[in-house]
There are 2 protein chains.
Amino acid sequence: MAGRARGTSAGLDRARIAAAAVALIDRDGLERFGVRPLAGALGVDPMSIYHHVKGKAALLDAASEAVLGEVAELAVTTTTTAQHDPSGWQELARNIAHAYRDMAYRHPRVFPLLVTRAQTSPVAVSALESLVAAMRRDGLPDRVVADAPMVLFGFLNGHLLARTAEGQTAVPAFDPQTHPAMAALAPGWSDFGSDAELDRMLDIVLAGLAGS
Amino acid sequence: MAGRARGTSAGLDRARIAAAAVALIDRDGLERFGVRPLAGALGVDPMSIYHHVKGKAALLDAASEAVLGEVAELAVTTTTTAQHDPSGWQELARNIAHAYRDMAYRHPRVFPLLVTRAQTSPVAVSALESLVAAMRRDGLPDRVVADAPMVLFGFLNGHLLARTAEGQTAVPAFDPQTHPAMAALAPGWSDFGSDAELDRMLDIVLAGLAGS
DNA sequence: CACGAAGACCTACAGCGTAGGTTTCGCCAG
DNA sequence: CTGGCGAAACCTACGCTGTAGGTCTTCGTG
């Protein structure tokens, strides 16, 4: 299987390694991910990976970069194929949020990586540029526009992190005796994790931005 | 130093272990944390820890539980010592958010743990109970009240995670040629990570909840 | 044709989580 | 007072991890 002579090329590069890392994390989870399993999946010696990636931390950087790249592609195609120009900042914000959400659900086990890392990649700032430009065009005050990206992605990161966390697929029941208000609200949590739920919360956040 | 006879008690229990784990993570970071260093800090054999905690995952659970306990204490004292009754849901929400923020800044390296775990501990639900009760008392529609905790903590978790992440202490500069809108907003990001910044964003989120 | 860089493999090491076994102490029943 | 028993600690050992350092082969270039 790994019958390659010692000096022959294995065709490794950062992109191929990152893609394999994402696939492996998707399948086995972050916990089990490591250099040796990855090398096995690539049919390669573990140390060969270190010729393209500095270390395990850089490996995780590459993986999160790769999935972030996906959302950029999706956001672009969604925007360009829309019938009408999404000039309104709220529609644009919704498109970006949906693309981001789709990525998170496609790679739930990679998503935690993304959230912990600084997002200064070119694709990320391009998306933000178009959003803040639209907001200014629509007359929102600069103070609000400056806060908007962090409010929006703060919410998205936190919410999607909770939704993609392993094992929590529903809100637990509450005792009406000790927690009457929570128990009364239980019906409102029946669509836990649904797209409609996120859209509703997104509306709340966007309303806050619009009204400030 | 570790001169204890084999069967003598080391006075271990879950609380002491959790406290030591939090201290160790605060000092050395999650990456370096492990059973053996923890045992060293406690002056104990690594395997002794397993008599009180099932495994490393449970160890991390205990640590996040411990810091969450802190925020509950703080929120209670803040509320009870306030001059006037914080009956308005917005003030209560701000108190809870500030207590949560203080905890995150006190234990920036433990905070990521907290965010990934389900928060169904009694102290957490008690805080939420008082918040949603106040919101209903103030006449907000149940639909909004049901979404409120997840919107609020989604935002807080995501934002504080970004703020407590290692190494990102400022927003980078943007090229006015390629990203004019972002460059124009740069002055608005000068208070990155400050309390005022979080309060502003919190106002935006609360405004969204109030206006929905 | 020589040679140096690039890219792959191999070896080795310290440290990890933890399963399983052993030792000792303190308590309580008889 | 004593016997036994469970709790709590320690010890050993195993398979795994990330990665430093060295070796080998091939390919592009002078």
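Reminder, nothing fancy here: chain letters follow the sequence lines and each chain counts from 1.
Every residue was checked against the salt bridge (Lys or Arg N to Asp or Glu O under 4.0 Å) condition with D199(B), not counting sequence neighbours, and none meets it. The salt bridge (Lys or Arg N to Asp or Glu O under 4.0 Å) test applied to R94(B) returns D203(B), not counting sequence neighbours.
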Using the 3.5 Å cut-off, write out each protein N or O paired with an N or O of nucleotides 14-18 of chain C and the distance between them.
{"residue": "dG17(C)", "atom": "OP1", "partner": "V35(B)", "partner atom": "N", "Å": "3.3"}
{"residue": "dG17(C)", "atom": "OP1", "partner": "K56(B)", "partner atom": "NZ", "Å": "3.3"}
{"residue": "dG17(C)", "atom": "OP2", "partner": "V35(B)", "partner atom": "N", "Å": "2.9"}
{"residue": "dG17(C)", "atom": "N7", "partner": "R36(B)", "partner atom": "NH2", "Å": "2.2"}
{"residue": "dG17(C)", "atom": "O6", "partner": "R36(B)", "partner atom": "NH2", "Å": "2.6"}
{"residue": "dT18(C)", "atom": "OP2", "partner": "Y50(B)", "partner atom": "OH", "Å": "2.4"}
{"residue": "dT18(C)", "atom": "OP2", "partner": "K56(B)", "partner atom": "N", "Å": "2.9"}
{"residue": "dT18(C)", "atom": "O5'", "partner": "Y50(B)", "partner atom": "OH", "Å": "3.4"}
{"residue": "dT18(C)", "atom": "O4", "partner": "R36(B)", "partner atom": "NH2", "Å": "3.4"}

Atom pairs and distances, side-chain donor-acceptor, residues 28-36 of chain B, under 3.5 Å, sequence neighbours left out:
none

Considering only distance and modelled atom types, tabulate donor-acceptor pairs under 3.5 Å from the side chains of residues 174-186 of chain B, sequence neighbours left out.
{"residue": "D175(B)", "atom": "OD1", "partner": "Q177(B)", "partner atom": "N", "Å": "2.9"}

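We find that NE2 of H51(A) is positioned 13 Å from P of dG22(D), with the value rounded to whole Å. Nucleotide dG18(D) holds its P atom 13 Å from the CG atom of D45(A), rounded to whole Å. Following rounding to the nearest Å, D28(A) (CG) and dC16(D) (C1') show an atom-to-atom distance of 15 Å. Distance CD1 (I49(A)) to C1' (dT17(D)): 13 Å, rounded to an integer number of Å. Distance CG (L42(B)) to C1' (dA9(D)): 13 Å, rounded to an integer number of Å.
Checking the phosphate oxygens (OP1, OP2) of dC9(C), a side-chain nitrogen or oxygen of S48(A) falls inside 4.0 Å. Residue H52(A) places at least one side-chain N or O closer than 4.0 Å to OP1 or OP2 of dA8(C).
The stretch residues 143-152 of chain A participates, sequence neighbours left out, in these salt bridge (Lys or Arg N to Asp or Glu O under 4.0 Å) pairs: R143(A)-D147(A), D147(A)-R200(B).
By the 6.0 Å and 45° rule, R163(B) does not stack over the aromatic ring of F111(B).
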